[in-house]
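Inspection log for the structure reproduced underneath, given as structure tokens.
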Amino acid sequence: WVAANDASPSLRETALKAIIGYDHPAVIHALTRLLSADQSATAKGAFKALRKAYGKESLYPMQRALSVGESTVVNLALQALGERGERGDDQAISLLKSELDHDHIKRAESARQQLERCYHAPRSLLVGLNSSQTQVKTMALHRLWEEGLTSDPSVNGRLQLLREHEDEE
């Protein structure tokens with residue numbers, strides 16, 4: 001309770017360090033609960049400790065952060081997924097793609113930005129067009145224009161499909 005709710009930042013930090021240092025299986029559950037702490041420093045510390053406990057290559061801490069984490073931890077998880085996706089990890093890319101439709105626009109846009117790291121252009125910029133969020137699609141279009149790729153044949157084909165799909169609705 002102290003690590004998540006105490007008014008004193010130094011006491012919260014000390015409590016988090018005590019939890020992390022405790023050698024008991026229940027620590028994992030406590031850290032998972034702390035991912036949703038209102039204080040971002042506590043949530044970030046819990047996320048880093050979970051990644052250390054499970055190993056940097058484990059998707060579990062990132063999946064948990066996406067499902068229960070506060071916004072700072074969600075951003076850290078998306079960045080970690082982007083790093084893995086950049087190395088060709090299909091599971092990380094799949095998780096990022098699933099975030100494109102998230103209700104929180106900033107989160108969906110952050111996922112789009114991380115997906116740009118996972119592919120070569122123009123595919124890296126086209127992936128954002130798959131979002132159900134209009135603002136994410138708009139940013140993807142802006143990035144295509146910004147990179148001068150709107151005349152690329154594969155981009156033109158995708159934009160034509162997008163126009164046809166929009167006409168059907």
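Residues take their numbers from the sequence shown, with the count starting at 1. Please read all numbers here as calculations on a predicted model, not as lab measurements.
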For the residue pair [X] and [Y], what are the closest heavy atoms and their distance?
{"X": "L149", "Y": "A121", "answer": "CD1-CB, 4.0 Å"}
{"X": "V68", "Y": "T32", "answer": "CG2-O, 4.1 Å"}
{"X": "P122", "Y": "L144", "answer": "O-CD2, 4.4 Å"}
{"X": "L78", "Y": "A111", "answer": "CD1-N, 4.2 Å"}

So, taking the atom named [atom1] in [X] and the one named [atom2] in [Y], what distance separates them when rounded to the nearest 0.5 Å?
{"X": "I105", "Y": "S110", "atom1": "CD1", "atom2": "OG", "answer": "12.5 Å"}
{"X": "E83", "Y": "L81", "atom1": "CD", "atom2": "CG", "answer": "9.5 Å"}
{"X": "L115", "Y": "L96", "atom1": "CG", "atom2": "CG", "answer": "4.5 Å"}
{"X": "L126", "Y": "R123", "atom1": "CG", "atom2": "CZ", "answer": "9.5 Å"}
{"X": "L31", "Y": "R64", "atom1": "CG", "atom2": "CZ", "answer": "12.0 Å"}
{"X": "K97", "Y": "C118", "atom1": "NZ", "atom2": "SG", "answer": "9.0 Å"}

Review point. In terms of side-chain geometry, is the basic nitrogen of K137 or E109 positioned less than 4.0 Å from the acidic oxygen of its partner?
Key: no
Is any side-chain heavy atom of [X] closer than 4.5 Å to a side-chain heavy atom of [Y]?
{"X": "L100", "Y": "Q133", "result": "no"}
{"X": "L159", "Y": "L129", "result": "yes"}
{"X": "Q114", "Y": "E99", "result": "no"}

Point to revise | E86: partners by side-chain hydrogen bond (donor to acceptor under 3.5 Å, both in side chains), with sequence neighbours left out | key: R117
Exercise for review: Applying side chain to side chain contact (heavy atoms under 4.5 Å, CB included) between T138 and each of T134, V136, L141, report the one that passes.
Suggested key: T134
Review point. Under 3.5 Å, is there a donor-acceptor pair between the side chain of S98 and the main chain of L95?
Key: yes
Check your understanding: Between the side chain of H104 and the main-chain N/O of K106, is any donor-acceptor distance below 3.5 Å?
Key -> no
State which residues pass side-chain contact (heavy atoms from CB on, under 4.5 Å) with [X]; sequence neighbours excluded, sorted by chain then number.
{"X": "R143", "answer": "R112, E116, L125, M139, E146, E147"}
{"X": "Q91", "answer": "L59, D89"}
{"X": "A77", "answer": "F47, M62, A65, L66"}
{"X": "S40", "answer": "E70, T72"}

Point to revise | Donor on one side chain, acceptor on other, Q160 and E164, under 3.5 Å | key: yes
Exercise for review: Using the salt bridge (charged side-chain N to carboxylate O under 4.0 Å, His left out) rule, collect all pairs that involve residues 45-56, keeping only residues at least two apart or in two chains.
Suggested key: none
Check your understanding: What is the ring orientation for W145 with H142, classed by angle as parallel under 30°, tilted 30 to 60°, or perpendicular over 60°?
Key -> tilted
**Study point:** Joint cluster assignment, Y60 & I93, ILVMFWY side-chain distance < 4.5 Å
**Key:** yes
